[in-house]
Amino acid sequence: MPRIAYVNGRYVAHADAFVHIEDRGYQFADGVYEVCEVARGFIVDMPRHLGRLNRSLTELSIDWPVTPGVLPIILREVVRRNHVADGLVYLQVTRGVASRDFAFPAGTKPSLVVTARKADPAAAAKRAESGIKVITVPENRWDRVDIKSVGLLPNVLAKQKAKEAGAQEAWFVDADGTVKEGGSSNAWIVTRDGVLVTRPAEHGILRGITRTTLFDVAAKLGLKIEERGFSVAEAKAAREVFISSATTIAMPIVAIDGASVANGHPGSITLSLRHAFFDVAEKSPA
Ligand code: PDD
């Protein structure tokens, strides 16, 4: 079954899906994106993802590429045409195609690309059963990481370093040892008293949609959350450590920089959040 992508108003074969060489996303990383999980035939938390897209676009003064009400239809159509029941749908909006010049071009129409791909829920469940490893790297990103920009080179380099170290995620850490977030996820710990701790999302991190929905899940499970920074040392001594993102949900961390944390096993609170997540998240039929 050939994969299909949406590119600027057309559904095309994935292999023939192209944007122009002077697309500003390609030349300047002048664009934003969203990734939604697709689970059991539903797009998970789509309204929250589109709300954050609206914020990212507004912060960068990029116009909506289509009427906001049309985007859910396109996302659903791409998921449907690719027969994705479990996987993800990716959307990217750039400022559009214009002759290379740093300042915003006049009258350029934003570009919209949407793709979808399958993922194996059994493989993800298996990863969650054993947990994954993180390394830490110094924070070297710009200070507007609250915008979900496609400018991800520090994240690419950090995650490559993690891969080379046999880990699956890299945590950006401030000069004072405070954990910011992962290359593509938010960071959490569970204290000895069973309290969830995650950094406030006002600045310095992306306000993860999974993070926001986990607040709802925690409330349902009667778990307390403290929004505050935590250090690498505190994480290493925590009862549980996990990350959250649309592609991982709540994923246990069992090692930080090669040292075992949380007895080297996924924690029960993390797994209970993971298991309750889908019941609490908003589900739009795909
Ligand atoms: N990344 N922080 C960063 C830097 C991210 O790139 C992501 C998501 C998150 C978690 O956000 P959410 O819960 O909305 O997925 C936090 C996506 C999955 C990606 O780039 O593939």
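All ligand and atom numbering here is 1-based and tracks the order in the structure. What you are looking at is a predicted structure, and each value in this text was computed from that prediction instead of being measured.
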Q: Counting both backbone and side chain atoms, is some N or O of Y33 under 3.5 Å from an N or O of ligand 1?
A: yes

Q: Going hydrophobic residue to hydrophobic residue with side-chain gaps under 4.5 angstrom, can you get from L112 over to I4?
A: yes

Q: Would you give the length of the straight line joining atom NE2 of H49 to atom CD1 of I209, rounded to the nearest 0.5 angstrom?
A: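 Between H49 NE2 and I209 CD1, I get 5.5 Å after rounding to 0.5 Å.
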
Q: I need the atoms of ligand 1 closer than 4.0 Å to a non-hydrogen atom of L206, numbered in the order shown.
A: 2 (N), 3 (C), 5 (C), 7 (C), 9 (C), 11 (O), 16 (C)

Q: Contact between ligand 1 and H49 is defined here as a heavy atom of the residue under 4.0 Å from a ligand atom; is it met?
A: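 Flag set, H49 near ligand 1.
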
Q: Please list, in number order, the atoms of ligand 1 under 4.0 Å from a heavy atom of T247.
A: 18 (C)

Q: A246 heavy atoms, cut-off 4.0 Å: which ligand 1 atoms fall inside?
A: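 Counting atoms of ligand 1 from 1, those under 4.0 Å from A246 are 12 (P), 13 (O), 15 (O).
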
Q: List ligand 1 atoms under 4.0 Å from G183, heavy atoms only on the residue side.
A: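 The atoms of ligand 1 under 4.0 Å from a heavy atom of G183 are 4 (C), 6 (O).
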
Q: For the residue pair I225 and V197, establish whether any side-chain heavy-atom pair is separated by less than 4.5 Å.
A: no

Q: Which atoms of ligand 1 are found less than 4.0 Å from any heavy atom of I209?
A: 12 (P), 13 (O), 14 (O)

Q: Would R95 and F104 count as a cation-pi pair here, with the cationic atom under 6.0 angstrom from the ring centre and within 45° of the axis?
A: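 Satisfied, under 6.0 Å and within 45°.
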
Q: Is the count of non-hydrogen atoms from other residues, nucleotides or ligands lying under 6.0 Å from K133 atom NZ greater than 12?
A: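 Result for NZ/K133: open.
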
Q: What residue among V78, V113, L50 forms side chain to side chain contact (heavy atoms under 4.5 Å, CB included) with L91?
A: L50

Q: Please report which non-hydrogen protein atom sits nearest to atom 21 (O) of ligand 1, along with the residue it belongs to and the distance in Å to one decimal place.
A: V35 CG2, 3.7 Å

Q: How far is atom 11 (O) of ligand 1 from its nearest protein heavy atom, and which residue and atom is that?
A: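 In this structure, atom 11 (O) of ligand 1 has G208 CA, 3.4 Å as its nearest protein heavy atom.
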
Q: Which one of S185, A187, G182, P154 has a non-hydrogen atom at the shortest distance from atom 9 (C) of ligand 1?
A: S185

Q: Do the side chain of D146 and the main chain of H203 share a donor and acceptor less than 3.5 angstrom apart?
A: no

Q: Can you find an N or O of K148 that's nearer than 3.5 Å to an N or O of ligand 1?
A: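 Checking ligand 1 against K148, an N or O pair does fall under 3.5 Å apart.
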
Q: Side-chain contact, heavy-atom cut-off 4.5 Å: D174 with R199?
A: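 A side-chain contact exists here, since the closest heavy-atom pair is under 4.5 Å.
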
Q: Less than 4.0 Å is my threshold; does some heavy atom of R52 fall inside it relative to ligand 1?
A: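 Yes, R52 has a heavy atom closer than 4.0 Å to ligand 1.
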
Q: Contact between ligand 1 and E37 is defined here as a heavy atom of the residue under 4.0 Å from a ligand atom; is it met?
A: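 For ligand 1, residue contact (heavy atoms, under 4.0 Å) with E37 is absent.
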
Q: Is it the case that over 12 heavy atoms from other parts of the model lie below 6.0 angstrom from the CG atom of D279?
A: yes

Q: Do V66 and Y6 have side-chain heavy atoms sitting under 4.5 Å apart?
A: yes

Q: Does even one non-hydrogen atom of Y90 get within less than 4.0 Å of ligand 1?
A: no

Q: Any cation-pi pair here, R141 with F172, using under 6.0 Å and within 45°?
A: yes

Q: If you measure every N or O of R207 against every N or O of ligand 1, does any of those distances drop under 3.5 Å?
A: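 Between R207 and ligand 1 (N or O atoms, distance only) the closest approach is not under 3.5 Å.
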
Q: May I ask you to identify the nearest protein heavy atom to atom 6 (O) of ligand 1, giving residue, atom name and distance to one decimal place in Å?
A: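 Protein heavy atom with the smallest distance to atom 6 (O) of ligand 1: S184 CA, 3.3 Å.
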
Q: Report the distance from atom CZ of F215 to atom OG1 of T198, rounding to the nearest 0.5 Å.
A: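 If we round to the nearest 0.5 Å, F215:CZ and T198:OG1 are 6.0 Å apart.
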
Q: Which atoms from ligand 1 have a heavy atom of S245 less than 4.0 Å away?
A: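 Near S245, the atoms of ligand 1 are 10 (C), 13 (O), 15 (O).
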
Q: Select the closest option to atom 10 (C) of ligand 1 among N186, T210, V145, judged by heavy-atom distance.
A: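 Result: the heavy atom closest to atom 10 (C) of ligand 1 is in N186.
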
Q: Please report which non-hydrogen protein atom sits nearest to atom 2 (N) of ligand 1, along with the residue it belongs to and the distance in Å to one decimal place.
A: E181 OE1, 2.6 Å

